[in-house]
Amino acid sequence: MSAEILSGTETAGALRKELAARVEAIRSSQGWVPGLATVLVGDDPASRAYVGMKNRAAGEVGIHSRQIDLPADVPEAELLGLVEGLNADPEIHGILVQLPLPGHIRESRILEAIRPEKDVDGFHPVNVGRLSSGDRDVLAPCTPAGIVELLLRNGHDPSGRHVVVVGRSNIVGKPMASLLLRKGRGGDATVTVAHSRTPDLGAVTRLADILIVAVGWPGTVTGEMVRPGAVVVDVGVNRVDDASTEKGYRLVGDVDFEGVRAVAGAITPVPGGVGPMTIATLLSNTLQAAMALRAMDEGMQG
Ligand code: NAP
């Protein structure tokens, strides 16, 4: 058996088309567009590439995007002041501060300063709490929310299935579990979360109808750890040396793709799987935030 390839590139393309049509409808009928501000501190090449991709993707669907670049030694107070300004800016509906931040800046202070209604990354404690309480209108973290959309749009509804999530980070694993446990669309799964202290990982992963792996180590999940026919979502992005490529490396996930592909019913590739869905979900969150903020403003005026 060779698994169905779950293409995030294709699914994200369809989602972005829908978003572009919705943004255009707002622009032509109401005369405004959603706005996204991205903040990049320092000059880490990977962070710069991610922020660039996010801004380009925003522009392509008609979202107004503003990138703010700050030097690596920017004082924490200055960054907080910038966030305050963006919180009050009526043209900006979504604020994304690219992580990680330099060591002298407390990430938690910055994330907590972002107005929860503009927190399109879904990392503010208020949004984290709302998500784990089962709120269906909350801005949810882009990677796990994108995975849910990828599953649903490809006929793999998690409802009633046993989903095993490997990894318990605040960015992927934990919000993934919260989303899958929510009642209603995209939720209603039976969820198990595994991590580095889980003994006999394979015994746990073999129970999964849907297996989601977010670990950060290539080859963590091999073919014999997967139940035949399971759906496997590989979140990992890892660089491995490859002298045959121009850059000297290539990107691989956390899953042994070829070994697992032979056993699974469906599998996401790396690249071209979860990554494009993460970016499309950021755009979708920005539109959602903009609609909610506009409705709130109109409510206050009326
Ligand atoms: P993270 O914060 O480092 O968390 C990794 C998790 O994996 C931890 O919970 C850790 O357990 C667990 N773990 C590590 N080794 C393990 C093992 N051998 N067996 C079982 N569990 C193990 O990483 P993250 O931010 O969640 O990211 C995970 C991966 O996803 C990375 O490759 C990252 O680049 C990628 N990623 C991709 C996207 C995308 O859009 N494509 C977005 C975000 C992240 P402990 O908690 O016990 O340490």
Side-chain angles (χ1 to χ4, degrees), residues 6-13 15-16 38 44-54 56-57 96-101 107-108 111 120-123 128 131 140-151 163-180 191-208 211-222 224-226 232-240 249-257 260 267-285:
L6 289 178
S7 169
T9 308
E10 272 177 31
T11 308
L15 178 56
R16 279 155 68 156
T38 55
D44 175 66
S47 292
R48 182 165 290 282
Y50 285 137
V51 168
M53 278 195 278
K54 290 168 184 172
R56 260 194 313 283
L96 181 149
V97 178
Q98 184 67 38
L99 303 178
L101 290 168
E107 266 177 21
S108 60
L111 296 180
V120 284
D121 253 343
F123 295 155
V128 175
L131 176 62
C142 300
T143 299
I147 291 170
V148 168
E149 207 54 38
L150 181 69
L151 291 169
V163 185
V164 175
V165 180
V166 188
R168 57 174 164 181
S169 71
N170 292 331
I171 292 176
V172 189
K174 280 191 220 143
M176 187 78 252
S178 296
L179 280 164
L180 292 163
V191 183
T192 300
V193 181
H195 46 76
S196 71
R197 300 301 176 99
T198 301
D200 196 356
L201 184 62
V204 178
T205 57
R206 273 189 294 275
L207 298 172
L211 176 61
I212 300 174
V213 189
V215 162
W217 285 103
T220 303
V221 169
T222 55
E224 65 274 16
M225 295 167 76
V226 174
V232 179
V233 176
D234 190 353
V235 186
V237 180
N238 308 292
R239 276 185 185 192
V240 293
Y249 68 85
R250 66 193 158 88
L251 295 180
V252 298
D254 293 338
V255 169
D256 165 24
F257 184 79
V260 171
I267 185 170
T268 60
V270 178
V274 173
M277 291 305 297
T278 297
I279 294 183
T281 305
L282 170 68
L283 309 179
S284 158
N285 277 359

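Whatever order the structure lists them in is the order used to number ligands and atoms, beginning at 1. The structure presented is a predicted model; accordingly, all values stated were derived computationally and were not measured.
In Val237, the parts holding a heavy atom less than 4.0 Å from any atom of ligand 1 are both the side chain and the backbone. In Thr278, the part holding a heavy atom less than 4.0 Å from any atom of ligand 1 is the side chain. Counting heavy atoms under 4.0 Å from ligand 1, residue Asn238 touches it through the side chain alone.
Those atoms of ligand 1 with a heavy atom of Val235 less than 4.0 angstrom away are 30 (O), 35 (C), 36 (N), 37 (C), 41 (N). Near Gly167, meaning under 4.0 Å from any of its heavy atoms, are these atoms of ligand 1: 6 (C), 7 (O), 9 (O). Annotation for ligand 1: atoms under 4.0 Å from non-hydrogen atoms of Gly236 are 29 (C), 30 (O), 32 (O), 35 (C). Within the listing of ligand 1, atoms 40 (O), 41 (N) sit less than 4.0 angstrom from a heavy atom of Gly275.
Nearest approach of Pro218 to Val252, heavy atoms of both residues: CB-CG2, 3.8 Å. When all heavy atoms of Phe257 and Pro269 are compared, the closest pair comes out as CE1-CA, 3.9 Å. For the pair Thr281 and Gly146, the tightest heavy-atom approach, listed with the atom from each and the gap, is OG1-CA, 3.2 Å. Residues Val204 and Ala194 come closest through the heavy atom pair CG1-CB, 4.4 Å. Considering every non-hydrogen atom in both Asp234 and Thr268, the closest pair reads N-OG1, 2.8 Å. Taking all atoms of both residues into account, the shortest heavy-atom contact from Gly167 to Val193 is O-CG1, 3.6 Å.
Evaluated by nearest non-hydrogen atom to atom 27 (O) of ligand 1, the leading choice among Val165, Val172, Ile171 is Val172. With distances taken over non-hydrogen atoms, the option nearest atom 25 (O) of ligand 1 out of Ser196, Pro276, Ser169 is Ser169. Of the listed options Asn170, Leu99, Leu282, Thr143, Thr143 places a heavy atom closest to atom 38 (C) of ligand 1.
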Could you go through Met176 and Val163, starting from their C-alpha distance and side-chain angles, then the distance that decides it, and tell me whether this counts as side chain to side chain contact (heavy atoms under 4.5 Å, CB included)? CA-CA 10 Å; Met176 187 78 252; Val163 185; over 6 Å; no

Would you sort out whether Thr38 and Gln98 count as a side chain to side chain contact (heavy atoms under 4.5 Å, CB included), showing the intermediate values? CA-CA 7 Å; Thr38 55; Gln98 184 67 38; over 6 Å; no

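Scanning all protein heavy atoms for the shortest distance to atom 15 (N) of ligand 1 gives Val215 CG1, 3.4 Å. For atom 18 (N) of ligand 1, the nearest non-hydrogen atom of the protein is Thr220 CG2, 4.2 Å. The single protein non-hydrogen atom nearest to atom 8 (C) of ligand 1 is Arg168 N, 3.9 Å, given as residue, atom name and distance. For atom 29 (C) of ligand 1, the nearest non-hydrogen atom of the protein is Gly216 N, 3.7 Å. Here the heavy atom of the protein found nearest to atom 19 (N) of ligand 1 is Leu201 CD2, 3.8 Å.
Here the options are Val213, Val215, Val221, the test is side-chain contact (heavy atoms from CB on, under 4.5 Å), and the partner is Trp217; only Val215 passes.
Glu149 contributes atom CD, which lies 12.5 Å from atom OG1 of Thr278 (distance to the nearest 0.5 angstrom). Separation of atoms NZ (Lys174) and CG (Leu179) is listed at 14.0 Å; rounding is to 0.5 Å.
Residue contacts with ligand 1 include Ala214, since one or more of its heavy atoms lies under 4.0 Å from the ligand. Contact annotation: Val166 has at least one heavy atom less than 4.0 Å from an atom of ligand 1.
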